[in-house]
Amino acid sequence: ETQQKFVVMNIYEDGSSCGKWRRTRLLGLQDACVPQGDIMYTGLASKLLKGSGFEGKESGDGYPMAYLKYKCTGEEVIEEWYDNAACSGQPAEILPDEWRPSKKLLACHVDEVYGGMVEYKCNVEHGAVSVNIFDDGQCSSRSTRGPPLRVHALGFCDGADPPGFFGDGLSAMQYSCEGQDLVAKY
């Protein structure tokens with residue numbers, strides 16, 4: 001099991017402080033370039049398609065892959081999107097959604113998108129496991145639409161209040177390894 005650093009977001013109820021917890025969400029690996037899926041799957045297509053020759057196509061029709069990297073400073077987490085697997089060069093000047101800022105304060109602050117207060121945490125260490133995603137039933141064709149790779153933080157409790165966030169009254173999810181198996185517990 002390899003220890004990796006992750007970026008985590010805590011969401012709290014409305015108010016003026018981060019007091020009543022509502023949800024903890026794992027955003028992703030810190031300081032790593034991770035494929036997110038093609039530009040149509042990630043929502044970047046609306047910004048990139050004009051005049052590109054991709055108009056009218058659906059996800060998986062040869063769209064370029066988008067990559068995401070989270071970097072942390074002492075005061076904020078920076079979300080950068082790239083068009084290459086090395087996350088090299090200048091980050092793309094586009095975001096998957098209009099409302100999503102590329103720089104997020106670590107400290108407790110109001111976030112209208114999530115309907116309350118949020119805080120971000122960097123350097124959250126957990127064991128990590130990579131899961132390849134395939135488009136076929138024989139595990140021979142890695143996904144070209146959605147993310148071809150997902151990284152899960154082992155032992156991280158992705159929890160939510162009220163119960164039912166994950167369906168059927170379930171309020172938390174956690175990945176672990178049992179022998180050779182990756183197990184999702186609810």
Participant: Is there a path of hydrophobic side-chain contacts, each under 4.5 Å between heavy atoms of I, L, V, M, F, W or Y residues, that connects L26 with V151?
Facilitator: yes

Participant: Answer yes if I78 and V124 sit in the same cluster of Ile, Leu, Val, Met, Phe, Trp and Tyr residues linked by side chain heavy atoms under 4.5 Å apart, and no otherwise.
Facilitator: no

Participant: Quick one: closest heavy-atom pair of C18 and V118, and the distance?
Facilitator: SG-O, 4.0 Å

Participant: Same cluster or not: M117 versus Y120, using hydrophobic residues (I, L, V, M, F, W, Y) connected whenever any side-chain heavy atoms lie under 4.5 Å apart?
Facilitator: no

Participant: Could you tell me which residues satisfy ring-ring contact (aromatic ring centres under 6.0 Å, His included) with Y12, sequence neighbours excluded, listed by chain and number?
Facilitator: none

Participant: Can you name the nearest heavy-atom pair linking C33 to A85, along with the distance?
Facilitator: SG-O, 3.2 Å

Participant: Does any N or O in the side chain of Q3 come within less than 3.5 Å of the main-chain N or O of G127, such that one atom is a donor and the other an acceptor?
Facilitator: yes

Participant: Which pair of heavy atoms, one from V77 and one from C72, lies closest together, and at what distance?
Facilitator: CG2-SG, 3.9 Å

Participant: Let me see the working for Y70 and L29 under side chain to side chain contact (heavy atoms under 4.5 Å, CB included), right down to the final yes or no.
Facilitator: CA-CA 7 Å; Y70 288 103; L29 279 173; over 6 Å; no

Participant: Stepwise, does the side chain to side chain contact (heavy atoms under 4.5 Å, CB included) test hold for K71 with Q30?
Facilitator: CA-CA 6 Å; K71 296 189 328 186; Q30 180 178 323; over 6 Å; no

Participant: Would you name the heavy atoms of H152 and Y175 that are closest together and state the gap between them?
Facilitator: ND1-CE1, 3.2 Å

Participant: Look at the side-chain heavy atoms of Ile, Leu, Val, Met, Phe, Trp and Tyr, link any pair under 4.5 Å apart, and say whether M173 and V129 land in one connected group.
Facilitator: yes

Participant: Could you grab the distance from atom CD1 of I11 to atom CZ of R25, nearest 0.5 Å is fine?
Facilitator: 7.0 Å

Participant: Is there a donor-acceptor contact under 3.5 Å linking the side chains of Q174 and D158?
Facilitator: no

Participant: Please check if W21 and V110 belong to a single hydrophobic cluster, counting links between Ile, Leu, Val, Met, Phe, Trp and Tyr side chain heavy atoms closer than 4.5 Å.
Facilitator: yes

Participant: Strictly distance-based, threshold 3.5 Å: is any side-chain N or O of D181 a donor or acceptor partner for the main-chain N or O of V183?
Facilitator: no

Participant: Kindly write out the residues that satisfy side chain to side chain donor-acceptor pair (under 3.5 Å) with S140, not counting sequence neighbours, or none if the list is empty.
Facilitator: D136

Participant: Should V8 and L27 count as side-chain neighbours, where that means a heavy-atom distance under 4.5 Å?
Facilitator: no

Participant: Looking at NZ of K69 and SG of C87, how far apart are the two atoms once the value is rounded to the nearest 0.5 Å?
Facilitator: 6.0 Å

Participant: Any chance you could measure C108, atom SG, to N10, atom CG, to the nearest 0.5 Å?
Facilitator: 10.0 Å

Participant: Please test K5 against D31 for side chain to side chain contact (heavy atoms under 4.5 Å, CB included), starting from the C-alpha separation and ending with a verdict.
Facilitator: CA-CA 8 Å; K5 292 181 181 178; D31 300 321; 5.6 Å; no

Participant: List the residues meeting disulfide (SG to SG under 2.5 Å) with C157, not counting sequence neighbours, and say none if there are none.
Facilitator: none

Participant: Show the nearest heavy-atom pair for residues F134 and C139, with the distance to one decimal.
Facilitator: CE2-O, 3.3 Å

Participant: What is the distance from atom CE of M9 to atom NZ of K121, rounded to the nearest 0.5 Å?
Facilitator: 13.0 Å

Participant: Just verifying a value: how many Å separate L105 CG and E119 CD, rounded to the nearest 0.5 Å?
Facilitator: 12.0 Å

Participant: List the atom of Q36, the atom of L68, and the distance in Å for their closest heavy-atom pair.
Facilitator: CG-CB, 3.5 Å

Participant: Between E178 and K185, does any NZ, NE, NH1 or NH2 come within less than 4.0 Å of an OD or OE carboxylate oxygen?
Facilitator: yes

Participant: Can you measure from CD (E75) to CG (L106) and round to the nearest 0.5 angstrom?
Facilitator: 8.5 Å

Participant: Quick check: does any side chain N or O of E125 sit under 3.5 Å from a backbone N or O of Q4, one acting as donor and the other as acceptor?
Facilitator: no

